[in-house]
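What you are looking at is a predicted structure, and each value in this text was computed from that prediction instead of being measured.
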Amino acid sequence: MKKIFIGAIATLALALTLNPRLAQAQAQPIIPTVSVNGSAQIKVTPDVIYLTIKLDESDTKGKVTVEQQRKSMFAALNKCDIDIEKQLSVQGMSSEFFRRRGSLAATQYELKVGSAAEVRKVFDELEKVGVVNVNVARATSSKLDEYRTEARTKAMQNAQQRARELAEAVGQQIGACYEINDYTTTTETVYGKRLMMSNAVMMDSAVEEAEPNVEFEQIVVNYNVSAKFYLMTEIH
């Protein structure tokens, strides 16, 4: 009887030696866990808006010089309480041949403003002085990094809540979180359709009457995480 018992032990030892995975399975108990995904979305109103303003002599067939248009632009922007030195910058200058009589100059500027209301005022004043090549280039938020951090936190809280609900559904509760995968956030900005139009189109009386209070659509910050939690004993 003793020989059979010793032989059985020897056989088991040999099996564990030849199969390390079996040895690990015998040594390490299975730890219950739950894996979940978490997400969050935050909508932000843009407070940094960039406009492009193009002064082009070809718009008037050379009758109004870029310098004259520039003076008119400055006067219009002053009426909008724009700090020209801080908010306006030159993007580029060029000249092109026109009707074999010489060259016509063009200059493009970028203007930084803080709200849709300010955009509207700038469009209105520039249109009055004949500057019509004005478009919305892009919009963002000065606190975008803070909103991304907030979205990340909310996504993790969402993952924890999902794990808790799943555990409670089977009479258990979650323990510590032992793994987190942090995915890159995505940011999407959708401009208001009317603000993307040129200044000349925007000043159309029919459009003005139909949409008197146009605002930018909000910036959407999305964040996603995945997390793993330990499952604890039954809830009593």
Mark yes or no for whether Gln69, through its side chain, and Val131, through its backbone, hold a donor-acceptor pair below 3.5 Å.
-> no

Going by distance alone, is a donor N or O of one side chain under 3.5 Å from an acceptor N or O of the other, for Arg152 and Tyr223?
-> yes

Arg148 side chain near Leu144 side chain, heavy-atom distance below 4.5 Å = yes

Please output the side-chain donor-acceptor pairs of residues 160-167 that fall under 3.5 Å, not counting sequence neighbours, one pair per line with the distance.
from: Gln161; atom 1: OE1; to: Arg164; atom 2: NH1; distance (Å): 2.8
from: Gln161; atom 1: NE2; to: Glu165; atom 2: OE2; distance (Å): 3.0
from: Arg162; atom 1: NE; to: Asn158; atom 2: OD1; distance (Å): 3.3
from: Arg162; atom 1: NH1; to: Asn37; atom 2: O; distance (Å): 2.9

Exercise: identify the closest heavy-atom pair between Gly175 and Phe229 | O-CD2, 3.8 Å

Are Met156 and Val34 joined in one hydrophobic group, where the rule is that I, L, V, M, F, W and Y side chains link up if heavy atoms are under 4.5 Å apart?
-> yes

Close side-chain approach of Thr33 to Tyr178, heavy-atom, < 4.5 Å = yes

Thr65 and Gln68 have their tightest heavy-atom pair at N-OE1, 2.9 Å

Scanning both residues in full, the closest heavy-atom pair of Ile42 with Ala151 reads CD1-N, 3.5 Å

Same cluster (ILVMFWY, side-chain, under 4.5 Å), Tyr50 and Ile84 = no

Kindly indicate, with the supporting measurements, whether the criterion side-chain contact (heavy atoms from CB on, under 4.5 Å) is fulfilled by Val122 and Leu77.
-> CA-CA 7 Å; Val122 168; Leu77 295 180; 4.1 Å; yes

Do Glu118 and Lys121 pass the salt bridge (charged side-chain N to carboxylate O under 4.0 Å, His left out) test, and can you show the C-alpha distance, the side-chain angles, and the key distance before you say yes or no?
-> CA-CA 5 Å; Glu118 195 171 4; Lys121 189 173 183 179; over 6 Å; no

Can Asp124 and Arg120 be counted as an ion pair, charged N to O under 4.0 angstrom?
-> yes

Rounded to the nearest 0.5 Å, how far does CG of Leu231 lie from CD of Gln173?
-> 9.5 Å

Short question: side chain of Glu57, backbone of Val66 - any donor-acceptor pair under 3.5 Å?
-> yes

Indicate, with yes or no, if Ile180 and Tyr230 share a hydrophobic cluster defined by side-chain heavy-atom contacts under 4.5 Å among Ile, Leu, Val, Met, Phe, Trp and Tyr.
-> no

Ala40 to Ala155 - nearest heavy-atom pair and separation | CB-N, 3.5 Å

Output the distance between atom CD (Glu179) and atom OG (Ser35), rounded to the nearest 0.5 Å.
-> 7.5 Å

With the threshold set at 4.0 Å, does a side-chain nitrogen-carboxylate oxygen contact exist between Lys143 and Glu150?
-> no

For side-chain contact (heavy atoms from CB on, under 4.5 Å), just list the numbers for Gln218 and Thr45, CA-CA rounded to whole Å, side-chain angles, deciding distance to a tenth of an Å, and then say yes or no.
-> CA-CA 5 Å; Gln218 294 178 311; Thr45 299; 3.4 Å; yes

Distance, nearest 0.5 Å, that separates OG1 of Thr52 from CG of Asn133 | 8.5 Å

To the nearest 0.5 Å, atom CD of Glu110 lies from atom CG of Leu51 at 8.5 Å

Going by the side chain to side chain donor-acceptor pair (under 3.5 Å) test, which pairs reach into residues 76-88, not counting sequence neighbours?
-> none

Between Val48 and Leu88, is there a shared hydrophobic cluster once you connect ILVMFWY residues whose side-chain heavy atoms come closer than 4.5 Å?
-> no

Side chain Asp47, main chain Ser142, donor-acceptor under 3.5 Å | yes

Below 4.5 Å, heavy atoms only, C-beta onward: do Val129 and Met73 meet side chain to side chain?
-> no

Between CD of Glu67 and CG of Leu55, what distance do you get to the nearest 0.5 Å?
-> 10.0 Å

Of all heavy-atom pairs between Ile219 and Pro46, which one has the smallest distance, and what is that distance?
-> CG1-CG, 3.9 Å

Identify the heavy atoms of Tyr109 and Val90 that sit nearest to each other, and give their distance.
-> CE2-CG2, 3.4 Å

